Every structure is written in C-alpha cells, then in structure tokens.
Chemist: 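Below you'll find the structure I mean.
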Protein chains: 2
Amino acid sequence: MKLSIDHKSAVPLHIQAENLLRELIKDPEYQAGKLLPNEVDLAKILAISRTTLRQAINKLVYEELLIRRKRLGTKVAHKKMSSKSMNWLSFTQEMQARGIPVKNYELHVSWVYPDDYIANFFDIKTEKKIMKLERLRGNTDEAFVYFVSYFHPRIGLTGDEDFKRPLYELLETDHSVVANLSKEEISAKAADKLIAGKLEITPGSPVLFRKRFVFDQGDRPMEYNLGYYKAESFVYTVEARRNS
Amino acid sequence: MKLSIDHKSAVPLHIQAENLLRELIKDPEYQAGKLLPNEVDLAKILAISRTTLRQAINKLVYEELLIRRKRLGTKVAHKKMSSKSMNWLSFTQEMQARGIPVKNYELHVSWVYPDDYIANFFDIKTEKKIMKLERLRGNTDEAFVYFVSYFHPRIGLTGDEDFKRPLYELLETDHSVVANLSKEEISAKAADKLIAGKLEITPGSPVLFRKRFVFDQGDRPMEYNLGYYKAESFVYTVEARRNS
DNA sequence: TATTCATTTATGTTTGTACATAATAATTAT
DNA sequence: ATAATTATTATGTACAAACATAAATGAATA
C-alpha cells in the first residue's frame, strides 16, 4: 500500500486518507505514542484540505482508534475501552465475534414439570411437561457458562432439534418464533455444588448469574433462561443514553 | 427539551443539533419510516449551515440510528435491539424508589494520581492528582455497596461538596456537568480483603462488580466509577427490545 | 518558591460555496 | 408497450477561510 493520495482516483479523497491513516497508525512508532503530524501540516503533505483530512480522522476517532487532544495533537488510542454492546447477540455469535471458538461440553434435553415460578411466567399449568435444555459451553480449553433454558409449549419443540445451531436463529427459521423483548436480571452468586461441578470450580466461589425472560412478537413469554457464568470469564456490558 | 437551536448557548451547534435529532427521531412518525427533512431545508429551519447539520447527522449515522440514501433522503434505521433502557436513577434515588432509606457508612474524599487505565480513559496525564470519592452505603441495618468514583479534573470539584446529596444532581446543578451516556461492565468477582472488610463478608465470597464509564453532553469522559455490591443484595435489570 | 499571567499551538467550531453522483421520476424514442 | 434518455433531487465530496478554545509552556510577579 502506497502512502500517498491519488487525486485522479475515483476513490474519494477522504476515504483514501482514512485508509492511509489506518496503515500509518500500525507503525510501531505511532503505536508507541508518537503524535501524528498536526492537521494543517498533514493536509499540506497529502495535498488535501484540512476539512477533508478531518473527515478521515473523525472516522477513526469515532472508532476509538485515535484520540485528539487539544493543543497537544492526535495520537493512537491505546487499549480501547471495548464497549461492544453485546446485548442481542446469542452466545455463539458473540463468541464468534470475538474470535473464540465455541464448544459444547454438554447438551442435554429433558422434559420436566414446570415449577410454580415458571408456570406462572409461561401462564401454563404445572401438570404438563415442558422442554428443558441444558448446555455447558465454553472455548476449547474450558467450560465457562452453564445455561438452562425452558421453552413455552406453544413453540412446539420436539427435542430433536439441532441445538448446536444458534438458538434464536433456529427458533426463527424453523419455528417462526421471533424474540422481540428480553428482560434480564443480573446478580452475583456463590456457586452451589451442581454449578461448581459443571464449571469445575470450588463450591462457594463467585459466578455471574443471569436470569433471562424472553418474549415473542406478541409479547408472549417464549423462553426462560438461566445462565451461570464463571467469574472473570464474562463481562456484561450495558450502554445507556439519557433520553429526556 | 426544546426542539430548537440556541445560537447564544455555549453548547456547540452541532451538539445541539445532534441532541435535537435524537429527540426528533423518537417521534412515531419518524420511527414509522418518514424521511427527515432534507439537509438543505433542515439546515435552514434550524438556522445552521448544512455542514454543521451534517456533522450531527454523521454521528447518528455512525451509531446506526440513521440511514442515508442518496436521492431518497435520511430516515431512522430500525433493525437492532435497543439495549438502552437503563435507569438514570442514582443509587440514592433508586433505593428511595424501593422504599429503602439510604445510609452512608463511610464517605471519604482523597486526591490521587490516576493510574494508566484511568488516565487513558480521562485522556489526562498521570502526573496530576484527581479526586477520588469512596462511599460505603446501605440501608439502616447493613452496608451493601462500596463505591469508588474518580472525576475528571475538568469538572472542577474541590472535595468540599456535599456528597450526601445525589451525585448527578450535585454535578448538574452546581457544576453544570450533565451525565449523558454511560457504559457499564458488570461481572462477578471474589471479594478481596479490602472489599470483604468494607462489606463485612468473608474474603473470597462473591460480589457483583460494576465498572461504570460516564460521559457528559459532549461525550467527554467525566466519571469512572467502581461498584462492589454484596451478593444477593443487588440485582441488575436490563430490558432490551428489538425495534424493527 | 509558588502563583499568576500571557503566549503559543493544535484542535474545535462554523460558515459559504461549488460541483459530483446515485437513484428515482418524467419524458421521449423505438 | 417497452426501452432508452433526460431531468430532478437529495446526499456525497471538497475546498477555503476565519475565529474560538483548551492546555502546555514560559515569563512575570508576589
């Protein structure tokens, strides 16, 4: 890649400048904290206007790859605050997005009588069995989350589905059930014997515990999910903007 | 919030325009697919230049809240889940809403040199001390959360403020700093000796650990907050709805 | 020595202007 | 009727110019 701007190219100048900057900041010198040339000079060097250059820089600033400091200059942003609002991605997709291969350590389907709490949420009777799906998942080295899901009978799951596939994709394509609303409750918990055994930690050590209530398009309950995450292995990110 | 631009305000026009747009696109009409007024007209209406308006629109386009279509116009993008549902309540207000009286077990101000992580977030040098606020809080019976806050020097806190008051109210009324965006990372942790001592639990037992990055109106970092919640005493709720 | 003040410098904000381009709508030619 | 052509219209790109502002630096002052 050549580090100059081609004014005759069909590629917009600010795009060229952006790409050029992306290359430039890979240089160890800049990674080490060296400042970029100031905007006025750099614009002159690249033979584009400062406005156009700023357009390119802005993009990288948005991406938190560059940091501007008034009077000092612009430099490479080191450890960027990762704020990937993971929220609606499935576990599999989220892991894949981070480049971590997902492995199923356990995958177990059973049919159980719902307890009062679940029956109440689903608004069903306790006399009829519903499907329970247990999944122990992690990367290739270790399991770090234990999921327990219960599904509303309305969906019509048989238990023969391929649960290695992303769950919400399966429900949407094969059962026409679309998750529309999720309410979650996150707390810390001490692992009991069962959970400790699954995650291979000592009983009493901390886990991140997540209850998830999932509703479909008609706001009808469709899934009740419990997740036990090994501490340190999982961070839940939430982004909120004031709206008022 | 008034939907007009104040040319006399100290708040930059493009920021005002950005906020205004955020409000505007909440209108069901726009949510339903109506196009925004075209840039030239809208700029005229708001009495700002098209360039300035584009600056604001660009931000929302980058956030994937708006979609531009050449020749067609700009409209609200509805596709992803909006995970933005946090409670903008402060701890005090939240507790009061639940009818639990808040008590401060400890309230301690100190001035410390920021470590690399904090300096990086605030984008400041490590040589200059910043204010650190420690608060141990709970109900009348027991303390169940330990907060550590660091504030950006820009805010100009002296340390003599009345921190028994709700924090964000204090910052807003007395220092004209408004929290606008917060990014949080929630995880489970084992309590170390310090935390265990504060919360009066045995070291190693679980706590809900929450990092909070708070930004002001200009999206500039203003507070870095750490919260250690005694397990079982606190549940974090998140509601996410797909808007398509 | 410590504090205050002015200077410097790079980014931050804003406007006005002009032309390019993609996609649609309207028109014309086959 | 269909295809090709031509407006039309909104965004896209690009420049120049000017002034504002935050923060570091160094000079003047208490």
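Keep in mind that what you see is a predicted model, and the values were worked out from it rather than measured. Residue numbers begin at 1 in each chain, while the letters A, B, ... track the order of the sequences.
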Chemist: Surrounding OH of B:Y62 (heavy atoms of other residues, nucleotides or ligands, distance under 6.0 Å), is the total greater than 12?
Modeler: yes

Chemist: Is any N or O donor-acceptor pair between the side chain of B:R69 and the base of D:dT11 shorter than 3.5 Å?
Modeler: no

Chemist: C:dA10 phosphate, OP1 or OP2: any side-chain N/O from A:R68 under 4.0 angstrom?
Modeler: no

Chemist: May I have the distance from B:D41 (atom CG) to D:dT11 (atom P), rounded to whole angstrom?
Modeler: 9 Å

Chemist: Measure the distance from NZ on B:K70 to C1' on D:dT13 and round it to the nearest whole Å.
Modeler: 9 Å

Chemist: Scan A:T52 against the nucleic acid and name what it touches under 4.0 Å (heavy atoms): base, sugar-phosphate only, or nothing.
Modeler: sugar-phosphate

Chemist: Looking only at the side chain of A:S49 (C-beta and beyond, no hydrogens), which of the listed nucleotides C:dT11, D:dT13, D:dA16 gets closest?
Modeler: D:dA16

Chemist: For the pair made of CG in B:N58 and C1' in D:dT11, what is the distance, rounded to whole Å?
Modeler: 11 Å

Chemist: Under 4.0 Å between a side-chain nitrogen and a carboxylate oxygen: does that hold for B:K34 and B:D27?
Modeler: no

Chemist: If you assign A:I15 and A:R50 each to the DNA chain D nucleotide with the nearest heavy atom, which residue ends up on the more 5' nucleotide?
Modeler: A:I15

Chemist: For D:dT11, does OP1 or OP2 lie under 4.0 Å from any side-chain N or O of B:T74?
Modeler: yes

Chemist: Atom CG of A:L72 and atom C1' of C:dG12: how far apart are they, to the nearest Å?
Modeler: 15 Å

Chemist: Give the nucleotide from the list D:dA10, C:dT15, C:dG12 with an atom nearest to the side chain of B:L13.
Modeler: C:dT15

Chemist: Please report the distance, rounded to the nearest Å, between CD in A:Q55 and P in D:dA14.
Modeler: 7 Å

Chemist: Determine whether a donor-acceptor pair (one donor, one acceptor, N or O, separation below 3.5 Å) exists between the side chain of B:R71 and the base of C:dT24.
Modeler: yes

Chemist: A:I48 CD1 to D:dT13 P: how many Å, rounded?
Modeler: 13 Å

Chemist: Do B:R212 and B:E185 meet the salt-bridge criterion of a basic N to acidic O distance under 4.0 Å?
Modeler: no

Chemist: Name the residue closer to the 5' end of DNA chain D, choosing between B:T51 and B:N38 according to the nucleotide with the nearest heavy atom.
Modeler: B:N38

Chemist: Between atom CZ in A:R54 and atom P in D:dA17, what is the gap in whole Å?
Modeler: 18 Å

Chemist: Please report the shortest heavy-atom distance between A:L13 and A:D6, naming the atom on each side.
Modeler: CD2-O, 4.2 Å

Chemist: Taking NE2 from B:H152 and C1' from D:dA23, how many angstroms apart are they, rounded to a whole number?
Modeler: 11 Å

Chemist: Look at B:K44 together with B:E39 and state whether they make a salt bridge at an N to O cut-off of under 4.0 Å.
Modeler: no

